[in-house]
Amino acid sequence: MSDAVEKVRGELARYEHPLFCFAARPAPEGVEVEIRYTPPEPEVHVYTFLLRPREIESAQFTWMLQKQLYDCLHDYVIEMFTRNPQRHD
């Protein structure tokens, strides 16, 4: 397991939420972070985003991950709406 994945997992372990769990795995371009909705119903897709090596190695990594995680959580919750004015499907 790469040091980058372990670093991301260590930071993600600092976050707990009753509805979401977080994971990290190696990806060809860096580390992929996964946000999963934990209740079994309703079934919801898994949200992922990529952290690139330069982001993980940054001195601002802790702050940057927090901001990106919160931004992605916001987007994920919006995507969970079955109807909203911005959906075009």
Side-chain angles (χ1 to χ4, degrees):
M1 184 93 24
S2 77
D3 291 340
V5 173
E6 288 305 314
K7 182 176 181 178
V8 173
R9 286 181 178 166
E11 276 303 308
L12 290 173
R14 298 176 60 198
Y15 296 89
E16 289 183 26
H17 194 282
L19 299 176
F20 301 100
C21 66
F22 312 106
R25 64 178 166 263
E29 304 86 20
V31 176
E32 187 174 72
V33 175
E34 175 183 283
I35 304 172
R36 184 179 299 276
Y37 183 69
T38 55
E41 295 292 330
E43 188 174 327
V44 178
H45 70 285
V46 175
Y47 189 99
T48 61
F49 64 93
L50 181 67
L51 292 171
R52 301 200 182 277
R54 64 175 158 43
E55 296 168 321
I56 298 166
E57 295 162 7
S58 168
Q60 299 295 319
F61 171 69
T62 301
W63 178 87
M64 183 276 316
L65 177 63
Q66 180 183 46
K67 182 179 181 332
Q68 191 163 2
L69 187 61
Y70 289 177
D71 288 349
C72 289
L73 274 168
H74 172 268
D75 292 347
Y76 188 34
V77 169
I78 296 303
E79 287 177 7
M80 289 179 183
F81 279 84
T82 56
R83 286 186 47 216
N84 76 57
Q86 285 133 10
R87 286 187 73 152
H88 299 287
D89 52 320

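These numbers come from the heavy atoms of this one structure, side chains and all, not from hydrogens, waters or symmetry mates. Just so you know, these numbers come straight off a predicted model, no measurement behind them.
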>> Does this structure show an ion pair linking E34 with R25, if we count only N-O contacts that are shorter than 4.0 Å?
In response: yes
>> Using a strict threshold of under 4.0 Å (side-chain N to carboxylate O), is an ion pair present between R9 and E6?
In response: yes
>> Ignoring hydrogens, what is the shortest heavy-atom contact between V8 and A24? Give both atom names and the distance.
In response: CG1-CB, 3.7 Å
> What are the two closest heavy atoms between P53 and G30, and how far apart are they?
Replying inline: CD-CA, 4.0 Å
[atom1]-[atom2] distance between [X] and [Y], expressed to the nearest 0.5 angstrom:
X	Y	atom1	atom2	value
M80	L19	CE	CG	8.0 Å
F22	L73	CZ	CG	4.5 Å
Y37	E79	OH	CD	14.5 Å
T62	K67	OG1	NZ	15.5 Å
L69	L12	CG	CG	6.5 Å
F61	Q66	CZ	CD	11.5 Å

[X] side-chain N/O to [Y] backbone N/O, donor-acceptor pair under 3.5 Å:
X	Y	result
Y76	H45	yes
T48	V33	no
E55	R52	yes

> Out of curiosity, does I35 fall in the hydrophobic cluster containing L50 (side-chain heavy atoms, cut-off under 4.5 Å, transitive links)?
Replying inline: no
> Would you say V31 and W63 are hydrophobically clustered, going by side-chain heavy atoms of ILVMFWY under 4.5 Å?
Replying inline: yes
Would a 4.5 Å heavy-atom cut-off, applied to side chains only, mark [X] and [Y] as touching?
X	Y	value
F49	Q68	yes
L65	Y70	no
Y47	D75	yes

>> Here's a test for you: under side-chain contact (heavy atoms from CB on, under 4.5 Å), which of E32, K7, M64 qualifies with L51?
In response: M64
